[in-house]
Amino acid sequence: MLGTGSAFSKRYLNNNAMIEWKGTKWLIDCGNTAPLALHALNEPLESIEGVLVTHLHADHVGGLEEIAFRMNIFIGRKPKLIIAEDLVETLWENGLKAGMEDSEHTQLEDYFEVRAVKPEQTFEWLPGLVAELIQTKHIPGKKSYSLKLNRSLFYSADMTFHPELLKRLVHDEGYQYILHECQLTGEGAVHTTLEELLTLPESIQRITMLMHYGDEREQFEGKTGMMTFMNKHELYTFDI
Ligand SMILES: Nc1ccn([C@@H]2O[C@@H]3COP(=O)(O)O[C@H]3[C@H]2O)c(=O)n1
Ligand SMILES: [Zn+2]
Ligand SMILES: [Zn+2]
């Protein structure tokens, strides 16, 4: 995990991941703190093949400009970008264009090798790694996606509580790993609260790891039921 904290976390950094699959490394989201996290982990940019984006909040895409500029200027390569097809235009037009457009670069494809994927449809991310972006509720009126990997691992990204989905994934479809966002305090208006996650049956809690939490994590150690906190800069291995 490059970071396991919320958008505003200063201790745990933004909730972004780096995955390695058969020797190839990708980022799942690349937020404001992703370049800092890669630096802290001594991970050279050269080793990153691309980025999969779940949605367009800055804690998930705020590091894209730096990553793409550095790759273009210093490495001479475009990072790959996997993104739901209905987020492509907004990412450029309402986001990256402001800082990245110039006389020679006028579109997202000038910086990234873009693979726009259809939500709710599986695609082969890498050989043997089947992925699917599914739309989940986050901010009203804003598209956001969760990620399914090899019909085995569910990565919530940012979403409000959806127990029926989690029960279906685990009990009906046999998912083995749930990496779930977790808001520790306050109302769960746009996120899933710890209080809500604690209502899940043990069978789900046992395989649920918590991420995207706030800097007050220490107060909640030992209070997460059968769920465990993921740790910033820690490597996790999943058999998927
Ligand atoms: N309608 C909104 C919009 C944003 N927010 C906060 O801003 C953060 C953006 O990144 P996030 O990780 O989705 O968490 C969001 C909320 O904390 C919020 O709480 N309500
Ligand atoms: Zn977020
Ligand atoms: Zn968000």
Side-chain angles (χ1 to χ4, degrees), residues 1-19 26-38 51-67 81-96 98-99 117 119 132-149 153-162 165-166 178-197 208-217 219-220 224 227 229-234 236:
M1 298 303 292
L2 296 185
T4 53
S6 66
F8 312 137
S9 167
K10 302 296 173 268
R11 301 178 78 175
Y12 305 114
L13 306 184
N14 296 153
N15 186 199
N16 305 159
M18 178 169 66
I19 73 159
W26 277 72
L27 304 187
I28 300 177
D29 288 328
C30 179
N32 290 324
T33 62
L36 183 70
L38 289 169
V51 181
L52 178 145
V53 162
T54 62
H55 68 296
L56 304 184
H57 278 139
D59 56 321
H60 301 265
V61 295
L64 284 178
E65 178 180 305
E66 176 175 335
I67 296 289
L81 181 70
I82 292 181
I83 180 168
E85 58 183 7
D86 50 11
L87 294 181
V88 174
E89 189 182 345
T90 311
L91 175 63
W92 178 252
E93 292 296 332
N94 304 92
L96 297 177
V117 297
E132 183 179 349
L133 290 170
I134 61 164
Q135 193 180 342
T136 40
K137 285 198 178 130
H138 178 30
I139 307 279
K142 215 163 180 55
K143 292 265 171 70
S144 187
Y145 296 92
S146 300
L147 177 65
K148 292 162 140 186
L149 292 179
L153 186 148
F154 178 73
Y155 185 95
S156 73
D158 291 8
M159 63 182 279
T160 52
F161 192 42
H162 194 340
L165 171 65
L166 300 173
I178 306 289
L179 277 55
H180 210 289
E181 70 130 292
C182 177
Q183 181 181 311
L184 297 173
T185 54
E187 293 290 302
V190 301
H191 289 292
T192 300
T193 62
L194 173 59
E195 205 178 334
E196 289 171 321
L197 289 167
T208 298
M209 303 176 85
L210 306 175
M211 55 187 192
H212 206 290
Y213 46 79
D215 281 348
E216 66 276 31
R217 166 182 159 168
Q219 300 164 37
F220 292 86
T224 57
M227 302 174 285
F229 282 119
M230 298 196 90
N231 293 317
K232 173 184 78 172
H233 296 178
E234 194 162 316
Y236 297 87

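Counting starts at 1 for both ligands and their atoms, in listed order. Residue indices begin at 1 and follow the sequence shown. Computed from heavy atoms alone, side chains included, the values below leave out hydrogens, waters and symmetry copies.
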What's the shortest distance from atom 6 (C) of ligand 1 to any protein heavy atom, and which residue and atom give it?
F8 CZ, 3.9 Å
What orientation do H55 and H60 show, parallel under 30°, tilted 30 to 60°, or perpendicular over 60°?
tilted
For the Zn ion (ligand 2), find the closest N/O/S atom on H212 and give its atom name.
NE2
On a heavy-atom basis, the closest approach of T136 and S156 is OG1-O, 4.4 Å
Using side-chain heavy atoms (C-beta onward) and a distance below 4.5 Å, is L87 in contact with Y145?
yes
E195 atom CD, over 12 foreign heavy atoms within 6.0 Å
no
Which residues and atoms, protein N, O or S only, are under 2.8 Å from the Zn ion (ligand 3)?
H55 NE2, H57 ND1, H138 NE2, D158 OD2
At what distance is the nearest protein heavy atom to atom 3 (C) of ligand 1, and which residue and atom is it?
I139 CD1, 3.5 Å
Given T160, which partner from the list H191, K137, E196, E181 fulfils the side-chain contact (heavy atoms from CB on, under 4.5 Å) test?
K137
Nearest non-hydrogen protein atom, atom 19 (O) of ligand 1
V190 CG2, 3.8 Å
Counting neighbours of CD on E234 that are heavy atoms of other residues, nucleotides or ligands and sit closer than 6.0 Å, is the number greater than 12?
yes
Euclidean distance, L27 CG relative to I19 CD1, rounded to 0.5 Å
9.5 Å
Near H212 (heavy-atom distance under 4.0 Å), the atoms of ligand 1 are 12 (O)
Which atoms form the tightest heavy-atom contact between T192 and M159, and what is the distance?
OG1-O, 2.7 Å
Compare all side-chain heavy atoms of R11 with those of K232 and state whether any distance is below 4.5 angstrom.
no
N16 side chain to L2 backbone, donor-acceptor under 3.5 Å:
no
Among all protein non-hydrogen atoms, which one is nearest to atom 16 (C) of ligand 1, and what is the separation to 0.1 Å?
H191 NE2, 4.0 Å
Which of these, E187, H60, H57, has its nearest heavy atom closest to atom 9 (C) of ligand 1?
H57
Within 4.0 Å of some non-hydrogen atom of H138, the atoms of ligand 1 are 13 (O)
Only heavy atoms count here, so choose which of L56, D59, N14 is nearest to atom 12 (O) of ligand 1.
D59
Polar contact flag for H55 and ligand 1 (N/O pairs, less than 3.5 Å)
no
Minimum heavy-atom separation for A7 to H212, with atom names?
N-CE1, 3.8 Å
